[in-house]
There are 2 protein chains.
Amino acid sequence: MKDQFKKHISRYVEFNDTEINEIFSKLTQKTFKKKDYLLKEGQICKSNYFLTSGLVRSFYLDHKGNEKITQFALENWWVTNMESYIKSVPSYSSIQAIEKTTVLIIDKIELEKLFRTIPKLERYFRMITENMLIAIQRRNDIYLQMKSKDRYDDLIHNFPVFAQRVPQYMIASYLEITPEYLSELRKK
Amino acid sequence: MKDQFKKHISRYVEFNDTEINEIFSKLTQKTFKKKDYLLKEGQICKSNYFLTSGLVRSFYLDHKGNEKITQFALENWWVTNMESYIKSVPSYSSIQAIEKTTVLIIDKIELEKLFRTIPKLERYFRMITENMLIAIQRRNDIYLQMKSKDRYDDLIHNFPVFAQRVPQYMIASYLEITPEYLSELRKK
DNA sequence: CTTAATGATTAAGGTATCTTAAGAAATAAG
DNA sequence: CTTATTTCTTAAGATACCTTAATCATTAAG
């Protein structure tokens, strides 16, 4: 667990063992069952979650009460509701386990203390945030112009694991189409 | 100019005059005429731009050769192509002045040096990046589900300045609809 | 002032995608 | 094994949005 975490961090910034241990001492491990919530709509998100195993989704309810999935996250991904976490406002979305999922939790207050004692950690999170921004920008820019069929093909090409581990109707939601129409598209 | 920049930075992190001066000494000022390019598709984006006045757009060409606008930026906004800047890969989008625009330019290499000598600056950029992420996530999450009419209303409500300073067909492009259809919508 | 270039509107017909509703198919639970 | 629950498919009619093409309005250029 610690190794997995260290390995991931080391892809961005090098820490010595003392630093890793200090960081690690602030982490809490927790396991969620399928359908359990890491974060519920309306709560203030006070933590950042590092998945060591499993699969989660972020979603919110639109004005008609339909669930809109905005993100999936897998092993070695960080997940949080950025807006709620940064601004300490109630989250408009929920984070829910699609499979049994184990996470390392870092509290915002603890993390900010760590930033003071280990400035390199701030670098790591800046880089992580930049990468999230790039990914989300790509989704934004590219997906918006694509036809649904192309978005679906793109998704299962780049993340075949989703097609295997996520029910179709959730993929439809993520692609912003109805399950019925996705079913149509898959026939082609 | 320096005051404007200092004022903006101070909203996030406090710097003393020595620090501000060191940062400021690495900035280059430049003015672009209307339709000039800050960055052209295919180039590697090596700088981050802080607008002190004016208005720019980011756009790319889709497979049919149509311009797709993905972002506007105004006074006191940072703009860059994040993917190209971070990964040093050719940019798939261009940044172009819609009005005469003046910017402060910080070179990536200089900025990274500054991060070492002034760690607080890294905090500032982490926070800026987080805010960009929040903004773009909101656009992503909310806009995707909205009907075009609602997106348009939302835009001119939250950024009335765009309706004044940006031609309608560019707003249509940003909203991912045709100018013809936007014209339809406005009649209602 | 006149012409050229740019931006905005209108209308007709077409296509992508949604809605609703019903019924298979697959998986989980008793 | 049987029933209940969850997930996937099919089909018909409705609607949001696009395409093309023409006309009008505004701003920039000679």
Side-chain angles (χ1 to χ4, degrees), chain A residues 32-37 54-57 59 61-69 72 96-100 142-156 160-188, chain B residues 32-37 55-57 59 61-69 72 94 96-100 142-156 160-188:
Chain A
F32 294 88
K33 282 182 300 187
K34 187 174 175 174
K35 295 198 179 172
D36 275 358
Y37 286 85
L55 175 56
V56 305
R57 62 174 183 144
F59 70 95
L61 300 178
D62 72 7
H63 53 99
K64 288 185 187 166
N66 298 316
E67 294 179 354
K68 296 279 179 177
I69 295 177
F72 297 111
Q96 187 190 34
I98 294 180
E99 306 171 351
K100 183 182 171 198
I142 307 301
Y143 271 31
L144 262 173
Q145 66 140 335
M146 282 182 170
K147 294 279 143 79
S148 307
K149 180 73 167 72
D150 296 328
R151 273 183 277 157
Y152 178 71
D153 292 342
D154 187 90
L155 181 70
I156 58 174
V161 67
F162 287 149
Q164 291 150 18
R165 290 163 68 180
V166 176
Q168 218 112 88
Y169 75 94
M170 287 192 187
I171 290 185
S173 172
Y174 179 74
L175 295 175
E176 295 284 338
I177 55 179
T178 58
E180 293 85 353
Y181 189 54
L182 178 54
S183 184
E184 278 281 298
L185 291 176
R186 279 163 48 83
K187 278 198 302 193
K188 298 176 188 171
Chain B
F32 294 88
K33 281 181 301 183
K34 187 174 175 174
K35 295 198 177 171
D36 275 359
Y37 285 85
L55 174 56
V56 306
R57 63 174 183 144
F59 69 94
L61 299 178
D62 72 8
H63 53 99
K64 288 184 188 166
N66 299 316
E67 295 179 354
K68 297 278 181 179
I69 296 177
F72 297 111
S94 301
Q96 187 190 35
I98 294 181
E99 307 170 352
K100 183 183 172 198
I142 306 300
Y143 271 31
L144 263 173
Q145 66 138 336
M146 282 183 171
K147 296 278 143 84
S148 307
K149 180 71 166 74
D150 296 329
R151 273 182 278 158
Y152 178 70
D153 292 343
D154 188 89
L155 180 70
I156 57 174
V161 67
F162 287 150
Q164 292 150 18
R165 290 164 67 181
V166 176
Q168 217 113 90
Y169 76 96
M170 288 192 184
I171 290 184
S173 172
Y174 179 74
L175 295 175
E176 295 284 337
I177 54 179
T178 58
E180 293 85 354
Y181 190 55
L182 177 55
S183 185
E184 278 280 300
L185 291 176
R186 278 163 48 83
K187 278 198 300 191
K188 297 176 189 171

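Computed from a prediction, not measured in an experiment: that's the story for all the values here. In the text below, chain A, chain B and the rest are named by the order of the sequence lines, each starting its count at 1.
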Peer 1: Determine whether A/F59 and A/K68 make a side-chain contact, defined as any pair of heavy atoms from C-beta on separated by less than 4.5 Å.
Peer 2: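 Result no, sub-4.5 Å side-chain heavy-atom pair not found.
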Peer 1: Counting heavy atoms from C-beta on, name the nucleotide in C/dT20, C/dG7, D/dC17 closest to the side chain of A/E180.
Peer 2: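 Ranking C/dT20, C/dG7, D/dC17 by closest atom to the A/E180 side chain puts C/dT20 first.
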Peer 1: Minimum heavy-atom separation for A/L182 to A/Y152, with atom names?
Peer 2: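 Smallest heavy-atom distance, with atoms named: CD1-CD1, 3.6 Å.
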Peer 1: May I ask you to evaluate whether A/S183 reaches the phosphate of D/dC8, defined as a side-chain N or O under 4.0 Å from OP1 or OP2?
Peer 2: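 False: A/S183 side-chain N/O out of range (4.0 Å or more) of D/dC8 OP1/OP2.
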Peer 1: D/dC18 phosphate, OP1 or OP2: any side-chain N/O from B/T178 under 4.0 angstrom?
Peer 2: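 Affirmative; the distance criterion is met.
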Peer 1: So which nucleotide from C/dT17, D/dA11, D/dC17 ends up closest to the side chain of B/S148?
Peer 2: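 The answer is D/dC17.
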Peer 1: Rounding to a whole Å, what distance do you find between B/K33:NZ and D/dA28:P?
Peer 2: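 Whole-Å distance recorded here is 15 Å.
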Peer 1: How close do A/I177 and A/S148 get, heavy atom to heavy atom, and via which atoms?
Peer 2: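 What the structure gives for the nearest pair is CG2-OG, 3.3 Å.
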Peer 1: Could you give the CZ-to-P distance, from A/R186 to D/dC8, as a whole number of Å?
Peer 2: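 Taking atom P of D/dC8 as the reference, CZ of A/R186 is at 8 Å.
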Peer 1: In whole angstrom, give the distance that lies between atom CG of A/N66 and atom C1' of C/dT19.
Peer 2: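 Rounded to the whole Å, the gap is 11 Å.
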Peer 1: Starting at the 5' end of DNA chain C, which residue's closest nucleotide do you reach first, B/K187 or A/Y181?
Peer 2: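 In this pair, the answer is B/K187.
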Peer 1: Could you state the atom-to-atom distance from NZ of A/K35 to P of D/dT5 in whole Å?
Peer 2: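 The answer, rounded to whole Å, is 12 Å.
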Peer 1: Please report, rounded to the nearest Å, how far the P atom of C/dG7 is from the CD1 atom of B/I171.
Peer 2: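 So the CD1-P distance, B/I171 to C/dG7, works out to 13 Å.
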Peer 1: Find which nucleotide of DNA chain D each of A/K147 and A/E184 is nearest to by heavy atoms, and output the residue with the more 5' nucleotide.
Peer 2: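 Closer to the 5' end of DNA chain D: A/E184.
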Peer 1: For residues A/M170 and A/V166, report the shortest heavy-atom separation together with the two atoms involved.
Peer 2: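 Closest approach of A/M170 to A/V166: CB-CG1, 3.6 Å.
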Peer 1: With respect to the side chain of B/Q168, which nucleotide from D/dT9, D/dT6, C/dT9 is positioned closest?
Peer 2: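 Nearest to the side chain of B/Q168 among the choices is C/dT9.
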Peer 1: I need the CG-C1' distance between B/L185 and D/dC18, as an integer number of Å.
Peer 2: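 Answer to the nearest Å: 12 Å.
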Peer 1: Round to a whole Å and report the spacing from CD1 of A/I177 to P of C/dT19.
Peer 2: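 Checked: the CD1 to P distance equals 12 Å.
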Peer 1: Can you tell whether the side chains of A/R151 and A/E176 come within less than 4.0 Å, N to carboxylate O?
Peer 2: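 A/E176 and A/R151: not salt-bridged.
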Peer 1: For B/Y169 and C/dT10, give me the distance from atom OH to atom P, rounded to whole Å.
Peer 2: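 Rounded to whole Å, this separation is 20 Å.
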Peer 1: Taking the nucleotide of DNA chain C with the closest heavy atom to each, which residue, A/L182 or B/P179, is nearer the 5' end?
Peer 2: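 In this pair, the answer is B/P179.
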